[in-house]
Engineer: 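For reference, the structure I am asking about is given below.
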Amino acid sequence: MKNRLRNLLSESLPLEDLTHIYNSYDVIGDIAVIRVTESFRKHSQTVAETIMKIHKNIKTVLAQTSPVRGDFRLRKLKFVAGEDKTTTTHKEYGCLFSIDLAKCYFSPRLLFERMRVAKHVRNGEVVVNMFAGVGCFSILIAKHSKAEKVYSIDVNPSAFQCMQKNVRLNRVYGRVIPVKGDAREIIEKRLCCVADRVLMPLPDKASEYLQYALSAVKNAGGWICYYDFEHAGKNMDPVEKVKMKVAEKLESLGEAFTFPLGRVVRTIGPNWYQVVLDIKLISCGNKENDESS
Ligand SMILES: C[S@@+](CC[C@H](N)C(=O)[O-])C[C@H]1O[C@@H](n2cnc3c(N)ncnc32)[C@H](O)[C@@H]1O
């Protein structure tokens, strides 16, 4: 499909401009999100119309005009063609996600990672998703595992609203529990020592929140699914760099752990990577309500 875009565009755009047009775009439900650099924004309409020719189901094309940023991890979007809207329903592995792209984070590129995590969840597990967004990791887990409960925290009220809707859409009431607020406060007040598994899908702040993830894990031990961004030049391994950083932190907190898995989830820029570590905690360190203390 991506090559088809370039081929079709070559019929209408000059070759020197074509090389500056991003060949990749995201399809989220019936919305396509394109990226066009400032100087080539004049071609947005042509790119949008070409995408709508390729995907007959696309009703709207939006252009991403800023990087993903801020606490809510949002990007600026500009309407380009079709129906002027930012809400859609995306389907992934049989799950439906209602999303307002202007108000909530969502990336269709993480689908493999979401399923990888869901496949690891064992029967009866309690999961805490610290940064749940519209609930995609949580709902996929509920649908594709026998987890008992997935507490799904997000601080963004719009993401929380979409998550509540998605719980209804996917009929996972009582198993996915949307919680609105700051993950630190929620864990300290309500979710200390409850989890077999904690998900931390907020790579730019992972290290800062690690101690709260530890607090959520049961005293008997459990798993933390830890995401981070890492820079790695030539001959450097971003996964090893993250392992070293996390190991140092966990050792300083007195935790016993192993890293059964570490991998690059995706490349996010030149020499920059999103990395995931599956951390296995053998037993958890000092917890406030540790019965043995
Ligand atoms: C990168 S997004 C990931 C969302 C979702 N897990 C996904 O993969 O689509 C991170 C999410 O964390 C939320 N967030 C940021 N800081 C938070 C905090 N302190 N407590 C709870 N949620 C937070 C943001 O609102 C955002 O929805």
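We count residues from 1, following the sequence as given. Atoms within a ligand are numbered from 1 in the order they appear, just like the ligands themselves.
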Engineer: Within the structure, does Tyr209 bring an N/O atom to less than 3.5 angstrom of an N/O atom in ligand 1?
Structural biologist: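 Indeed, backbone or side chain, Tyr209 has an N or O that close.
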Engineer: Just wondering, do Glu11 and Thr50 contact through their side chains at under 4.5 Å, heavy atoms?
Structural biologist: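 The answer is no, as the side chains (C-beta and beyond) never meet within the 4.5 Å cut-off.
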Engineer: At what distance is the nearest protein heavy atom to atom 8 (O) of ligand 1, and which residue and atom is it?
Structural biologist: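 Checked against all protein heavy atoms, atom 8 (O) of ligand 1 sits closest to Phe137 CE1, 3.5 Å.
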Engineer: Short list, please: which atoms of ligand 1 are under 4.0 Å from a heavy atom of Leu202?
Structural biologist: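 Those atoms are 10 (C), 15 (C), 16 (N).
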Engineer: Only one of Asn129, Val126, Val176 forms a side chain to side chain contact (heavy atoms under 4.5 Å, CB included) with Tyr151, so which one is it?
Structural biologist: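 Of the listed residues Asn129, Val126, Val176, the side chain to side chain contact (heavy atoms under 4.5 Å, CB included) partner of Tyr151 is Val126.
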Engineer: Does any N or O of ligand 1 fall below 3.5 Å from an N or O anywhere on Ala183, backbone included?
Structural biologist: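 Yes, since at least one N or O of Ala183 sits under 3.5 Å from an N or O of ligand 1.
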Engineer: Distance to 0.1 Å, residue and atom name: give those for the protein heavy atom nearest to atom 12 (O) of ligand 1.
Structural biologist: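 For this ligand atom, the closest protein heavy atom is Phe131 CB, 3.3 Å.
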Engineer: Under the salt bridge (Lys or Arg N to Asp or Glu O under 4.0 Å) test against Asp228, which residue among Lys249, Lys245, Arg263 passes?
Structural biologist: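 Per the salt bridge (Lys or Arg N to Asp or Glu O under 4.0 Å) rule, the option paired with Asp228 is Lys245, out of Lys249, Lys245, Arg263.
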Engineer: Within the structure, does Phe106 bring an N/O atom to less than 3.5 angstrom of an N/O atom in ligand 1?
Structural biologist: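 For ligand 1, there is no N or O atom that lies under 3.5 Å from one belonging to Phe106.
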Engineer: Do Phe257 and Ile282 have side chains that get closer than 4.5 Å, going by heavy atoms?
Structural biologist: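 They are not in contact (no side-chain heavy atoms under 4.5 Å apart), so the answer is no.
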Engineer: Test your reading of the structure: does Pro203 have an N or O sitting under 3.5 Å from an N or O of ligand 1?
Structural biologist: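 No, no N or O pair falls under 3.5 Å.
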Engineer: Tell me, please: is Arg114 in heavy-atom contact with ligand 1, that is, under 4.0 Å?
Structural biologist: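 For ligand 1, residue contact (heavy atoms, under 4.0 Å) with Arg114 is present.
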Engineer: Quick one: are Arg175 and Asn170 in side-chain contact, heavy atoms under 4.5 Å?
Structural biologist: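 Not touching, per the 4.5 Å side-chain cut-off.
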Engineer: Is Lys119 atom NZ crowded by more than 12 heavy atoms from other residues, nucleotides or ligands, each under 6.0 Å away?
Structural biologist: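 Open.
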Engineer: I'd like to check Thr86 versus Lys103 (side-chain heavy atoms, cut-off strictly below 4.5 Å). Are they in contact?
Structural biologist: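 Side-chain contact under 4.5 Å: no.
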Engineer: Taking the six-membered ring for Trp, are Phe97 and Phe106 parallel (under 30°), tilted (30 to 60°) or perpendicular (over 60°)?
Structural biologist: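 Answer is tilted, since the angle falls between 30° and 60°.
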Engineer: When you measure from atom 7 (C) of ligand 1 to each heavy atom in Gly133, Cys136, Gly181, Pro157, which option holds the nearest one?
Structural biologist: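 Comparing heavy atoms across Gly133, Cys136, Gly181, Pro157, the nearest one to atom 7 (C) of ligand 1 lies in Cys136.
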Engineer: Would you mind checking which non-hydrogen protein atom is closest to atom 15 (C) of ligand 1, with the distance to 0.1 Å?
Structural biologist: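 For this ligand atom, the closest protein heavy atom is Asp71 O, 3.0 Å.
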Engineer: Need the ligand 1 atom indices (1-based, order shown) with element for anything under 4.0 Å from a heavy-atom of Met130.
Structural biologist: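 Numbered from 1, ligand 1 contributes 21 (C), 22 (N).
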Engineer: Using non-hydrogen atoms of the residue, decide whether Arg184 is closer than 4.0 angstrom to ligand 1.
Structural biologist: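 No heavy atom of Arg184 comes that close to ligand 1.
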Engineer: Considering heavy atoms of the protein only, find what lies nearest to atom 3 (C) of ligand 1 and give residue, atom and distance to 0.1 Å.
Structural biologist: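 Answer, as residue, atom name and distance: Pro201 O, 3.4 Å.
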Engineer: With a 4.5 Å cut-off on side-chain heavy-atom distances among I, L, V, M, F, W and Y, is there a chain of contacts connecting Leu281 to Leu199?
Structural biologist: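 No, separate clusters.
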Engineer: Taking C-beta and beyond as the side chain, do Ile99 and His90 meet within less than 4.5 Å on heavy atoms?
Structural biologist: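 Yes, their side chains come closer than 4.5 Å.
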Engineer: Number the atoms of ligand 1 from 1 as they appear, then name those within less than 4.0 Å of a heavy atom of Asp182, with their elements.
Structural biologist: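 Per the distance check, 19 (N), 20 (N).
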Engineer: Looking at atom 26 (C) of ligand 1, what's its closest protein heavy atom, distance included?
Structural biologist: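 Minimum-distance protein heavy atom for atom 26 (C) of ligand 1 reads Asp154 OD2, 3.4 Å.
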Engineer: Which part of Ala132 is near ligand 1, with near meaning a heavy atom under 4.0 Å away: side chain, backbone, both or neither?
Structural biologist: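 For Ala132, the contact with ligand 1 is made by the backbone alone.
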Engineer: To which protein heavy atom is atom 22 (N) of ligand 1 closest, and what is the distance rounded to 0.1 Å?
Structural biologist: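 I find the closest protein heavy atom is Val155 N, 3.2 Å.
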Engineer: Would you say Asp278 and Trp223 make side-chain contact, with heavy atoms under 4.5 Å?
Structural biologist: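 With C-beta onward as the side chain, the pair touches.
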